[in-house]
Amino acid sequence: MSLFITNSLTGKKEKFKPITPNSVSIYFCGLTVSDLPHLGHARAWVHVDVMRRWLEYLGFSVTYVENFTDINEKIVARLGESDYGSSESEVATYFINKALEDMNSLGLKSAHVYPKASEHIPEIIAIISSLIDSNHAYESNGSVYFDVSSFDNYGALSKPNLDEEFFSDSPEEVSDKRHPHDFALWKSGQVPPESISKYRDSNLPPITAPSGDVWDSPWGLGRPGWHIECSAMSMTHLSNTIDIHAGGQDLMFPHHENEKAQSEASTGENFANFWIHVRLLETHGEKMSSSLKNYFSVANAISEFGPNSIKMFLISTSYHSHQAYSESALHEAVERWRRLERAYLRTTNALLEPSPHSTTTDENLRKSIESSVRNFQTALDDDFNTREALVAIFDVVNSLNQHLETHEEYDHFGLNLAIKTLDDLARDVLGFSFVVADSNESFSDTITSLIDSREQERSKGNYDKADEIRKELELLGIIVEDTAEESTYRHK
RNA sequence: GCAUAGGUGGCAGAGUGGCUACGCGUCCGCCUGCAGAGCGGAUAUACGCCGGUUCGAAUCCGGCCCUAUGCUCCA
């Protein structure tokens, strides 16, 4: 078996082959930190996290780099707002910390490095200088632009129609450029007020003077362009050519196209062998985005639904299709997660029971687990098909429930095999976190006494009273489940 | 307009030539004091439209319609 990935560069599913055997380098084009992360961002994070985990499962040693863009007009536009900070870097730091908190709450594996644009100015300047030396870039009034016509392969990734219309002059922003599609590598001076106003909250006092952080360079004080930072960080922390460059679909043009052009013009080598673009999350027929103000923040989503349900929602559609956000879709994800979680909990509970040396053998259970593992592997090998992978997980769930339902004495080997499978696949690859059955779960005194009195009322046959207490317990976040033999109580 | 992805049953969403997708929902049954969970069963004429290829098409080919994203803010 081998892994196939849809490469946006060719538009085809290609067999994955790393540059160096057994090791993989991934660069994830991360956030511009000018706002709270929303579910759309989380969708890209979660899918790329699963990709990384799958590569690790396959035995690759993965080096994963995820950047933060902390130099940007939108960040400057939030100066003086709330308590975010009084400088561009302070505002950026505020939102970087928020993003890291969200990633942590979602249980994502940490990147090996989270580089920031502001910490790579020397590398950025070095690349720009080399591009000027090789005539791929030119200086103009203290700014530096990449000369698109100097790079033959321009457009290979996003495949824009490079016809006359593309090359025709647009009335705006041609001033310092030789060609309208040349893009800035270095921008002279601070951010002018007119570049900020469109992002500035209209309830705030407008910014009237040039602002934002600036750095010294051979071309005078200024700021790096948007695309050059990713080239610098990818090459600094990984290498000139990397295995996988991932990001949201909306970055394909111009960001990734320009990144690729300037990097390859500078090194003469391929910038990335595989380009992966995660399709966008939509809400009411348009993409979820900060600028459209139609977003659901990751933090709010997690506090309302929990990290596992959010993940279940996001990976229930493969990364290669766009996904629609709705309340009902999230509720479905909650139910799907609960079904998985309950089966896991029920099984670990069953394993706590005596008779660990049971001689019961359930071939159906064991065979079903084996084939689920194969199906799971096939699914993820096929362009990270997370939805198909979940089908395999739910096959395990079904087999478990059937076994537990129909057997007086359990197949302990089979149950242990199932738990190991769920740990290996659902937990370690898909990133879910299971709560292990704990016979000694502790409750507060209030809850313990409620449980005790409910048990008493039930044994006396006072079901009305018992049901009343059950309702109270549920309001306190305790799930009550009665079976023929006993009742169980656990935290939600 | 151009480019890139999509259009599948009530919802959501896999499936690339013949085989029940998984799930959510709804309904019936079992179980249960009841509820929930679980199990068993049912429900859904599903494949954007029109042609073509084929013994056979959701799947391949052609044309058309629609949606999203991008076309210098964006995961």
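Since the model is a prediction, treat every value here as computed from it, not as a measurement. All chains are named by letter (A, B, ...) in the order of the sequence lines, taking the proteins before the strands, and each is independently numbered beginning at 1.
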Sugar-phosphate, base or nothing in reach of A/Gly247, heavy atoms under 4.0 Å: sugar-phosphate

Sugar-phosphate, base or nothing in reach of A/Arg454, heavy atoms under 4.0 Å: base

Rounded C1' spacing from B/G6 to B/G38 in Å: 37 Å

Watson-Crick or G-U counterpart of B/G51, or none if no pair lies under 3.5 Å: B/C61

Sugar-phosphate only, base, or nothing, as touched by A/Asp395 at under 4.0 Å among non-hydrogen atoms: nothing

Residue closer to the 5' end of RNA chain B, A/His256 versus A/Phe183 (nearest nucleotide): A/Phe183

Close aromatic pair by centroid cut-off 6.0 Å: A/His112 and A/His237: no

Span that lies between the C1' atom of B/A57 and that of B/U8, in whole angstrom: 14 Å

Assigned partner base of B/G38, Watson-Crick or wobble definition, under 3.5 Å: B/C30

Sugar-phosphate only, base, or nothing, as touched by A/Leu280 at under 4.0 Å among non-hydrogen atoms: base

Sugar-phosphate, base or nothing in reach of A/His331, heavy atoms under 4.0 Å: nothing

pi-stack flag for A/Phe253 and B/G70, centroid dist under 5.5 Å, interplanar under 30°: no

Sugar-phosphate only, base, or nothing, as touched by A/Asp467 at under 4.0 Å among non-hydrogen atoms: base

Side chain A/Asn398 and base B/C22 donor-acceptor under 3.5 Å: no

Closest to side chain of A/Asp250, choosing from B/U69, B/A14, B/G13: B/U69

Cationic tip of A/Arg178 above A/Tyr138 ring, under 6.0 Å, 45° of axis: yes

Sugar-phosphate only, base, or nothing, as touched by A/Gln402 at under 4.0 Å among non-hydrogen atoms: sugar-phosphate

Complement of B/G6, any strand, by Watson-Crick or G-U distances under 3.5 angstrom: B/C66

Watson-Crick or G-U counterpart of B/G25, or none if no pair lies under 3.5 Å: B/U43

Sugar-phosphate only, base, or nothing, as touched by A/Leu281 at under 4.0 Å among non-hydrogen atoms: base

Sugar-phosphate, base or nothing in reach of A/Gly285, heavy atoms under 4.0 Å: sugar-phosphate

Spacing of the P atoms in B/A37 and B/C49 (rounded, Å): 37 Å

Partner nucleotide, any strand, of B/G1 [Watson-Crick/G-U, under 3.5 Å]: B/C71

Selection from B/A21, B/C22, B/G33 that lies nearest to any side-chain heavy atom of A/Phe394: B/C22

Side chain of A/Gln249 - closest among B/A12, B/G6, B/U69: B/U69

Nearest-neighbour nucleotide for the A/Val391 side chain, B/G38, B/A35, B/A21 considered: B/A21

Rounded interatomic separation in angstrom, taking NZ from A/Lys311 and C1' from B/G23: 20 Å

Residue A/Asn72, side-chain heavy atoms: nucleotide from B/C73, B/C39, B/G38 that is nearest: B/C73

Sugar-phosphate, base or nothing in reach of A/Ser316, heavy atoms under 4.0 Å: sugar-phosphate

N-O pairing of A/Glu405 and A/Arg346 below 4.0 Å: yes

Sugar-phosphate only, base, or nothing, as touched by A/Arg342 at under 4.0 Å among non-hydrogen atoms: sugar-phosphate

Base partner of B/G56, which must satisfy Watson-Crick or wobble distances under 3.5 Å: none

Shortest side-chain distance from A/Arg387, nucleotide among B/C71, B/A75, B/C22: B/C22

Residue met sooner reading RNA chain B from 5', once A/Thr32 and A/Asn258 are mapped to nucleotides: A/Asn258

Between A/Tyr325 and A/His284, ring centroids under 6.0 Å: no

Touch class at under 4.0 angstrom, heavy-atom based, for A/Ser8 against every strand present: nothing

Integer angstrom distance from the C1' of B/U43 to that of B/G48: 25 Å

Sugar-phosphate, base or nothing in reach of A/Arg339, heavy atoms under 4.0 Å: sugar-phosphate

Closest nucleotide among B/G70, B/C39, B/C34 to the A/Glu405 side chain: B/C39

Sugar-phosphate, base or nothing in reach of A/Arg346, heavy atoms under 4.0 Å: sugar-phosphate

Among B/A75, B/G33, B/C22, the nucleotide that comes nearest once only the side chain of A/Arg336 is considered: B/C22

Lys/Arg N to Asp/Glu carboxylate O, A/Lys471 vs A/Asp467, below 4.0 Å: no

Nucleotide nearest A/Glu332 when distance is taken to its side chain, options B/G33, B/G70, B/G23: B/G23

G-U wobble or Watson-Crick pairing nucleotide for B/A14 (cut-off 3.5 Å, both distances): none

A/Tyr489 and A/Arg454: side chain donor to acceptor below 3.5 Å: yes

Minimum heavy-atom distance A/Glu73-A/Val191, with the two atoms named: CG-CG1, 3.7 Å

Lys/Arg-Asp/Glu bridge criterion (N-O < 4.0 Å) met for A/Asp250, A/Lys287: yes

